[in-house]
Structures are given as structure tokens and as C-alpha cells.
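Atoms within a ligand are numbered from 1 in the order they appear, just like the ligands themselves.
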Amino acid sequence: MDSACFINEKQIFELLEANNKPDHHQIEDILAKAEAKRGLSLEETAILLSIQGEDQLNKLYQTAKKIKDEIYGNRVVIFAPLYVTNECANVCEYCGFRADNTDLHRRTLTKDELQLETQILTATGHKRLLLVYGEHPKFTPQWIAESIEAVYETGDNKNKIRRINVNTAPMDVSGFKIIKEAAIGTYQCFQETYHRSTYEKVHLKGMKKDYLYRLYTHHRANQAGIDDTGLGVLFGLYDWKFEILALLQHSFDLEKEFGVGPHTISFPRIEPALNAPLSECPPSLVTDNDLKKIIAVVRLAIPYSGIILTTREQAEFRKEVLELGVSQISAGSRTYPGAYKDEKENKRDMQQFTIGDTRSLDDTIKDIIQQGFLPSFCTSCYRKGRTGHTFMEYAKPGDIHKFCQPNAVFTLLEYLLDYASPETKELGLKRIQSETSNCGIFNHIISDMYNRALAGERDLML
Ligand code: SAM
Ligand code: SF4
């Protein structure tokens, strides 16, 4: 192991080996401890990852659901990805954007095209975007910051993106300072695999080959003042149990160094991609049942980090895991630059990978409501300065509900009044009614704001 590296592979393998047949008392004790929402140690997590029997799995799922309900209530945050460019200088064996894929039609959106994509998304009701970029030296931090600004300045008070998260190549500290100035929400970067020799095998060319530079990306972002960062693993490359313990080591190190762990965690599984050999037959398959277990265990181990599940996954599966701890989902997504303008057509020779959940935003919202959840387009926390450490100070004692629940209601109400189909609107208004009548935090200030939103005022938030 590199002396500077916080990933301790030897420790992970030993923990997995020593805890692969946990007894049922150990499991019960850990599940009981997890209910205190203080997270789990590496060893405890290794034990839960080895749960096999149906009874114990059900107990794990019940505990995850309880924790999810206590921390996030029934809210589900909604966003859409917007691909700015599919040009890339790297060769990642699993990705359709890899530099040596000569069949891929390359495109980088101009400012006008980017603003058109933004307008199309805001016209459907989106308020939060994830901007996605290939990695190329010509996409400097300044260039990325300008693209972020172009999106923020599109539209009016009603049809506007209010929070932009970014998924872009790692930068140095000065680069991160530049994109922080452009008012990004969360900075996301996935390690793909924490297993170093696998990492080196699947990243063949380009800047991304450097395992350690990528591993310390979130440290540099924090040093630059970006305190909402997102971690992720691309499942399919290496053993998922190893990846989860390594992700925990990453989270613990961020917590140790900066006092705050990841704001979000993403769990993409490799999807089919054009001319990407590893996407045809990923070497370490993660089944639906594995992913359910992963989501439940991570909900217990790192309770205050949002868990993101994208439209890579099928609609039915996404519905199931909402119960276990997923707190943010993308909806109505497309995965290439200019894709929203194409609308009916999907250009396979431009996209990064194939999408599993092709429902529209409106259908997704309707389904979420029918499932008993409360879709939220809220962007308040980072705009009100509740990020990083400050966010955790509200989240840990449960105070965040006082903001999130009303903000979810205000933003859903806006969606229903301005964008929803009649059926979704009717269902949504009923859900809002039951939320407001059952919830003690709707005092007169909030009722007043609610009435102002009903009367047409927009972007109200606590
Ligand atoms: N180029 C930047 C990078 O690699 O970090 C950011 C954008 S990249 C398009 C975002 C993420 O897509 C990657 O981190 C990877 O986890 C994921 N990805 C790549 N190929 C994929 C595939 N075939 N299926 C699912 N996800 C994939
Ligand atoms: Fe490029 Fe990112 Fe795709 Fe790798 S995963 S080929 S860096 S876009």
C-alpha cells in the first residue's frame, strides 16, 4: 500500500475473510446499534454485507427503511443529467465516450445549444441539473465554469435551474476554486473501482489512469472550499463487498480531514455502451439483490449521505429501492449532448450508455406519488448556506425536516401548478393535502408561504 493512501486493501480483505459467516446475535446487535444513526465501523459493515438468510435480510431492510424514514421522511429529490460534451481523451474500457471509440459521433454544446437544452428541461419542470462532461485538456476549469454560468443565466424566475451539480474530471485546488465561484451545488466524481490493480487495468490511456490523483479528488475539492462532494463506485468492475468497505474508508478519511463525509453516494452499475468491451460483460456482476443489500447496508453505515440512483436502472427496481434508502433519483434522462432537443429520437452513436428507466418526468412523479412518496425539487440548502458541516449540524439532530418537508411541498406545488399533467396534478394535490394535515411543522408562516405559492409566487423556500 502507498504510505499516502487511505485505502487499505489488506485490511479490507482480512475483514471480509474474518466476517463472512456472521452469527445471528452479532447481526442483531449491529442492526440495533445502527438504529441510533451514528453509522457503522468497517467490521460491522463487513458483517452486514455477508448476511444471507431471508429473515435477516428482511430485518436489514426494515432497519434501513426505518433510518431512511427518520432522516429523509418520504421525500425523494428529483434531478436530470445534462450532457455538455461527449469528447474525451481517456480510454475507460466501460464507457462509450472513450477516446478510441471512432464510431461515436462527438459533440460539445455551444452556449446557445446548452441554453436550449436547459430551456427544454426547465419547460418540463426540472429545477436541479447534473452537468456531465467528458475529460479533455481543452475543458479547463474556466471553460466549465462558463458552461455552468450559461445554464444558471437561462430562463426567468419561473423556468429556471436553481441548483447545478457537476460530474466532471478531477481538478487541482485552483481549478476547484474556479468552479466553486460558479456556484456549483455538489461536485461529484466516482472512483469507479477502489481496487488499484483493477483500476489500472481498465483505464488504459489519458489523465484518468492516475489512481491516486483521482482518489484524492474530493480532498482537493474540500481544500478549495467545496464541502458538498459526491462519491461513487461503478459496479461491475470488481467485487462489490470490497468496494463498499473501500468507499467507507474514503468517507472516514474525508470526515477525519474535513469534518464532513460525502454529501451523496452514487451506485451506477455498468450498462451497455457502444464499443466499450467491459460494458458487454462486466467482470463482477452485481445482481438486483446484491444492489438492494448494498443500498440498505450503506444507509446504515453512512446514514446522513444522500444515496442517488439514476435512470440506468429499470423503473420497477427503482421503485423497490426507494423504500430502502435511496433519496435522490434522476428522471426523464438522456445521456448525450443535445439529446433533449432530439426528443423522439435517441442517437445511439452519441450516447454514453443505454438507459433502463425511460419514463418521462411526469410519469416518474406520478408513480412516486402513488407509491406514497413526496417528490421534491428543493434547492434550498445550498442557496441558504446549509452545506458541508452546517448541513450535518441540521441533519444529525433531525432539524433538517423543518426545512425539507415544507420546501418539498412548495416545490412540488409549483411543479403541479405549472407543469404536471391533469392526472399527476390531481394525485399530487391530494398528497400535499395529506402531508400538510399530518405534519406538525406546518405553522402559520409556512401556511402563508404555501398560499403565496398557490397564488402564483415562485421560488419560496425556508
Ligand atoms: N468523464 C468524467 C469521469 O469519468 O469522471 C465524468 C463524466 S462520466 C460520463 C460519469 C460517470 O459515468 C463515470 O464516472 C462512470 O462511473 C459512469 N459510466 C461510464 N460508463 C458507464 C457505463 N457503461 N454504464 C454506466 N455508467 C457508466
Ligand atoms: Fe471519458 Fe469519463 Fe467516459 Fe472515462 S468515464 S471515457 S473519462 S467520459
Side-chain angles (χ1 to χ4, degrees), residues 81-104 106-108 129-139 141 144 147 165-171 175 179 184 186-194 198-211 213-215 217-218 220-221 229-238 243 247 264-286 291 308-314 330 333-337 339 348 350-357:
L82 197 175
Y83 281 70
V84 183
T85 174
N86 63 5
E87 290 190 77
C88 190
N90 295 338
V91 178
C92 307
E93 287 278 79
Y94 43 79
C95 181
F97 292 174
R98 46 187 284 159
D100 60 359
N101 182 3
T102 48
D103 292 334
L104 192 87
R106 305 277 168 182
R107 182 169 179 195
T108 296
L129 291 190
L130 173 70
L131 296 190
V132 185
Y133 304 77
E135 178 166 5
H136 194 284
K138 68 183 177 183
F139 305 135
I144 291 171
S147 65
N165 300 329
V166 292
N167 188 327
T168 181
M171 300 172 191
I179 63 161
I184 61 163
T186 307
Y187 171 75
Q188 264 188 15
C189 180
F190 308 153
Q191 185 61 26
E192 322 296 12
T193 172
Y194 286 95
T198 302
Y199 185 95
E200 282 158 4
K201 256 186 254 154
V202 300
H203 297 108
L204 300 182
K205 282 190 201 137
M207 291 78 80
K208 195 161 166 183
K209 271 177 73 65
D210 188 338
Y211 173 90
Y213 189 69
R214 193 160 179 100
L215 192 63
T217 300
H218 306 78
R220 294 192 300 280
T229 58
L231 303 182
V233 169
L234 181 61
F235 284 123
L237 297 175
Y238 192 67
E243 302 288 17
L247 182 101
T264 56
I265 299 171
S266 302
F267 291 136
R269 289 191 278 191
I270 297 182
E271 297 298 329
L274 180 72
N275 295 346
L278 274 183
S279 78
E280 300 305 323
C281 183
S284 296
L285 265 190
V286 171
L291 190 53
I308 301 178
L309 206 66
T310 69
T311 50
R312 288 172 178 89
E313 302 296 338
Q314 305 285 331
S330 50
S333 307
R334 316 206 74 197
T335 62
Y336 64 89
R348 294 190 171 274
M350 283 184 82
Q351 70 181 5
Q352 190 193 12
F353 52 78
T354 315
I355 274 175
D357 180 351

| said: What I'd like to find out is whether the side chain of Phe97 reaches to under 4.5 Å of the side chain of Arg106, using heavy atoms alone. | reply: yes
| message | Regarding atom 17 (C) of ligand 1: of the candidates Glu192, His203, Arg312, which has the closest heavy atom? | response | Arg312
| said: Taking 4.0 Å as the limit for heavy-atom contacts, which would you say applies to Leu234 with ligand 1: side chain only, backbone only, both, or neither? | reply: side chain
| Among all protein non-hydrogen atoms, which one is nearest to atom 3 (Fe) of ligand 2, and what is the separation to 0.1 Å? | Cys95 SG, 2.4 Å
| Using heavy atoms and a threshold below 4.0 Å, how should the contact between Arg269 and ligand 1 be classified: side chain, backbone, both, or neither? | backbone
| request: If the plane angle is over 60° it's perpendicular, under 30° parallel, otherwise tilted; pick one for Phe235 and Phe267. | output: tilted
| note | the protein heavy atom lying closest to atom 2 (Fe) of ligand 2 turns out to be Lys208 NZ, 3.9 Å
| query | Salt-bridged, Lys209 to Glu200, with N to O below 4.0 Å? | reply | no
| Looking at Val132, which atoms of ligand 1 are within less than 4.0 Å of one of its heavy atoms? | 7 (C), 9 (C)
| said: Hydrogens and angles aside, do Glu135 and Asn90 bring a side-chain donor and acceptor to less than 3.5 Å of each other? | reply: yes
| said: Can you tell me how the ring of Tyr199 sits relative to the ring of Tyr211, calling it parallel under 30°, perpendicular over 60° and tilted otherwise? | reply: perpendicular
| At a 4.0 Å threshold, what atoms of ligand 2 neighbour a non-hydrogen atom of Cys88? | 1 (Fe), 6 (S), 7 (S), 8 (S)
| Region of Glu280 that comes within reach of ligand 1 [heavy atoms, distance under 4.0 Å] | neither
| request: Please report which non-hydrogen protein atom sits nearest to atom 6 (C) of ligand 1, along with the residue it belongs to and the distance in Å to one decimal place. | output: Asn167 OD1, 3.0 Å
| request: Kindly determine whether Arg107 and Thr85 satisfy side-chain contact (heavy atoms from CB on, under 4.5 Å), including the steps that lead there. | output: CA-CA 6 Å; Arg107 182 169 179 195; Thr85 174; over 6 Å; no
| message | For ligand 1 and Tyr133, I'd like to know whether there is a polar contact (N/O to N/O, distance under 3.5 Å). | response | yes
| Can a donor-acceptor pair be found between the side chains of Thr229 and Gln188 at a distance below 3.5 Å? | no
| request: Run the numbers for me: atoms of ligand 2, each under 4.0 Å from some heavy atom of Arg98, listed by number. | output: 6 (S)
| query | Salt bridge between Arg214 and Glu192, side-chain N to carboxylate O under 4.0 Å? | reply | yes
| field | Heteroatom distance test (Lys208, ligand 1): nitrogen or oxygen, under 3.5 angstrom | value | yes
| message | Under 2.8 Å from atom 3 (Fe) of ligand 2, is there any N, O or S atom belonging to Cys92? | response | no
| query | Salt bridge check: are Lys201 and Glu93 linked by an N-O gap of less than 4.0 Å? | reply | no
| message | My understanding is that we take every heavy atom of each candidate and find the minimum distance to atom 3 (C) of ligand 1. Doing that for Gln188, Arg214, Glu271, which one comes out nearest? | response | Arg214
| query | For atom 19 (C) of ligand 1, what's the nearest protein heavy atom and its distance? | reply | Gln352 NE2, 3.0 Å
| Any side-chain donor paired with an acceptor under 3.5 Å for Tyr187 and Thr217? | no
| message | Tell me the protein heavy atom at minimum distance from atom 7 (S) of ligand 2, and give that distance in Å. | response | Asn90 ND2, 3.3 Å
| task | For ligand 1, indicate whether the residue Tyr94 contacts it via side chain, backbone, both or neither (heavy-atom separation under 4.0 Å). | result | both
| field | Geometric N/O contact Tyr83 with ligand 1, under 3.5 angstrom | value | no
| request: Taking atom types as modelled, find out whether Thr335 and Gln352 have a side-chain donor-acceptor pair closer than 3.5 angstrom. | output: no
